[in-house]
Amino acid sequence: EFNAFDLSLQTEGLTGLKGRMWDPLVNRVSGGTMRGPNLVFAGTREGVDVDTPYRAWQYRSRAPARTHQIDIFAHVAQPTTPAAWKSELEQLAAAPADRGELWRRHVAWWDAFWDQAHIFINPGKDESDNGWRVGRNYNLFRAQLGGDVRGETPVKFNGGNLTFDAKFVNPDYDFGPDYRRWGGWSYTAANQQLVYWGYLKNGDFAAMLPQFDVYRRGLVNAEARVRAHWGHGGAAFAEQFQHSGMPVASHYGFSEHGFSFFQRPAGTPPGELANPWISTLYAGQLDFSLMILEYQRFSGRDISAYLPFIFSSLEFYDEHYQQVHRENFGRPLDEQGRLVIFPSTPGEHHLNSTNPSDAVAGLLAVTAGLRGLPSGLLTPGQTAYVAGLQRRIPPLPTYRSMVAGKERTFFGLSESDGGDGSSRMPGLFALFPYGIVHRGSEHFDWMADTWTYLEPDAQKKLYIGWQRTPIYSALLGRTEEAKETISKKLEDAARLPESDMSRPNRFPTFWGPGYDWAPDHNWGGSGMIGLQDMLLQTAGDAIYLLPAWPKEWDVDFKLHAPKNTTVEARYTGGRLIGLTVTPRERAKDVIYAGERAD
């Protein structure tokens, strides 16, 4: 057998490691069986659905009936033989099942799901009101995510489990219903995180585990390739990586396999990708390391299975960049005893940057998160390592410039590049997702100036696809900005300009393709995060209530905060008329500056 995992190993010259690595494809069998009382097999027929040829297995009833019952059993596994897989499927189908109990469990799951969180905007109005549609689409998109949580693999940012025929997205594409741009079994870390950050405030904690498990299972491969290419410890997960933890082979660059997406230029260092936009971009592993730590802070659940991934992610930055600096300058650290993170590609821009904002903010946030874990979760050795690494992390890159008649301090793209000027705005990553700078923190005014003076007005209005503008506006307390962008980002797909949608879809939350595909889940996910941040922000133990909420929008919501806390509130006519914080002792941590009803 030769599969995509084998191709990755061959492309990187790592075939000798296969016996020590995890292959998620070898012997993988997927399929199922269908049955029903009063049904008999009636043969097959061939056909074409839109552009996709298919074979149909047909059934007919033995006798006329008013109702029919069909049971479908699906099974995916990696058995040693096809016969073993078939035996497992037969056991699954033979297990006794109480249909009434199955239905009750199904309803109970969805009841609990909707009890966890909700946002209703202008509840007394109807579909003609934009605010009402924003709230409805938030809940509708959450329902889409809820229907895609029980599988082994994560929700894909480029379609989830609801992709449809490619020609309905682009008439020139005849790739069938399973196609998605940036698709296959790969992930784009910056896009995936926008799907998953919103799960925290919705309390959808169990639904986050498939995404975390991608890193947990792929860790052995990510560590093996680092050791093979660079000879040191740690794990490097590329920005575009496969379900196996290996980089997408086409982005690593084919040089000997005929077809090539990115030709691998001669002299490209082993281990680095040929795709110049992401060749040395590893910050995604810091994003998800912090998300796992926040998962623990919000839910209190055990994360011991994921700590090896978090520490290996830190170890890579620590060991790799000490090694590179030693090779370039004869010493592992700079004159101040700090890491020099070079070369790096922050936010898919500015190849060969030094000490980029995304990596520095990520390292600061993850190490602080580890030190904030409850006592006993880390060994003394781990605690000491984190403390030592914190002393080696360079400061967030900033620079001063005379703007609008005043010398101001701004957060830069990197130490070597100064101002940001890139579409993903990594200079703002210290605000989101890393939360190093936040409402009430030191240098919050620097972040506000970075947004106000470095980002042009046109950039602040972007809402298509993965654009994070409503998140930044909300976190900075720019209520009108946040309302303007969230009103478009969570608008009905069919109401958006055709130029923004390519072909507007009838289903309200089938946004896209944007920069990616339809339905675009990082479009919906970034909107979900932005709307949550307009209603509720957290920093340490503080819970900021309605920090960027427009007075003209009434709202009834329930969201989650750290320490297993839920916040339920009603806001009507510009006044807070109801607030329930659970547990009650967390009410003292709620900060609200608006008007309350008597």
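Worth knowing before you read on, the calculation uses all heavy atoms, side chains too, and leaves out hydrogens, waters and symmetry mates.
For Lys489 (side chain) and Thr469 (main-chain N/O), no donor-acceptor pair under 3.5 Å exists by modelled atom type. Side-chain atoms of Arg216 never come within 3.5 Å of backbone atoms of Phe212 as a donor-acceptor pair (strictly under, hydrogens ignored). One N or O on the side chain of Tyr317 and one on the backbone of Ala283 form a donor-acceptor pair closer than 3.5 Å. With hydrogens and angles disregarded, a donor-acceptor distance shorter than 3.5 Å links the side chain of Gln116 to the backbone of Gly203.
Within a 6.0 Å radius of CD in Glu442, no more than 12 heavy atoms belonging to other residues, nucleotides or ligands are found. At most 12 non-hydrogen atoms from other residues, nucleotides or ligands lie less than 6.0 angstrom from CZ of Arg570.
For the pair Gln532 and Tyr138, the minimum side-chain heavy-atom distance is below 4.5 Å. Side-chain contact between Trp523 and Leu194 is absent, with no heavy-atom pair separated by less than 4.5 Å. Residues Thr153 and Pro210 form no side-chain contact, since every pair of their non-hydrogen atoms from C-beta on lies 4.5 Å or further apart. Between Leu428 and Arg468 there is no side-chain heavy-atom pair separated by less than 4.5 Å. In this structure, the side chains of Leu286 and Phe429 stay at 4.5 Å or more apart for every pair of heavy atoms. In this structure, Gln192 and Asp287 have side chains that are not in contact, with every pair of non-hydrogen atoms separated by 4.5 Å or more. The side-chain heavy atoms of Trp511 and Ile464, taken from C-beta on, include no pair separated by under 4.5 Å. The shortest side-chain heavy-atom distance between Trp549 and Leu531 falls under the 4.5 Å cut-off.
Val581 meets the side chain to side chain contact (heavy atoms under 4.5 Å, CB included) test with Thr565, Leu579, Arg586, Ala587, Val590; sequence neighbours excluded. With sequence neighbours excluded, the residues forming a side chain to side chain contact (heavy atoms under 4.5 Å, CB included) with Asn158 are Lys156, Arg180, Trp182, Trp517, listed by chain and number. In this structure, the side chain to side chain contact (heavy atoms under 4.5 Å, CB included) partners of Asn161, at least two apart in sequence or on a different chain, are Asp148. Annotation: side chain to side chain contact (heavy atoms under 4.5 Å, CB included) contacts of Ala222 (sequence neighbours excluded): Ala235, Phe237.
Aromatic pair His106/Trp109: centroids not less than 6.0 angstrom apart.
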From CA spacing to verdict: side-chain contact (heavy atoms from CB on, under 4.5 Å), Glu294, Trp197 = CA-CA 9 Å; Glu294 286 292 274; Trp197 272 112; 4.0 Å; yes
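Here salt bridge (Lys or Arg N to Asp or Glu O under 4.0 Å) pairs that include residues 514-536, with residues two or more places apart or in two chains, are Lys201-Asp533.
Contact check on Asp589 versus Lys563 returns no salt bridge, with no Lys/Arg side-chain nitrogen under 4.0 Å from an Asp/Glu carboxylate oxygen.
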Give every donor-acceptor pair under 3.5 Å between a side-chain atom in residues 361-375 and any protein atom, sequence neighbours left out.
unit_1	atom_1	unit_2	atom_2	d
Thr367	OG1	Leu363	O	2.7
Thr367	OG1	Leu364	O	3.1
Arg371	NH1	Gln390	OE1	2.7

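The aromatic rings of Trp185 and His243 sit tilted, their planes meeting at an angle between 30° and 60°.
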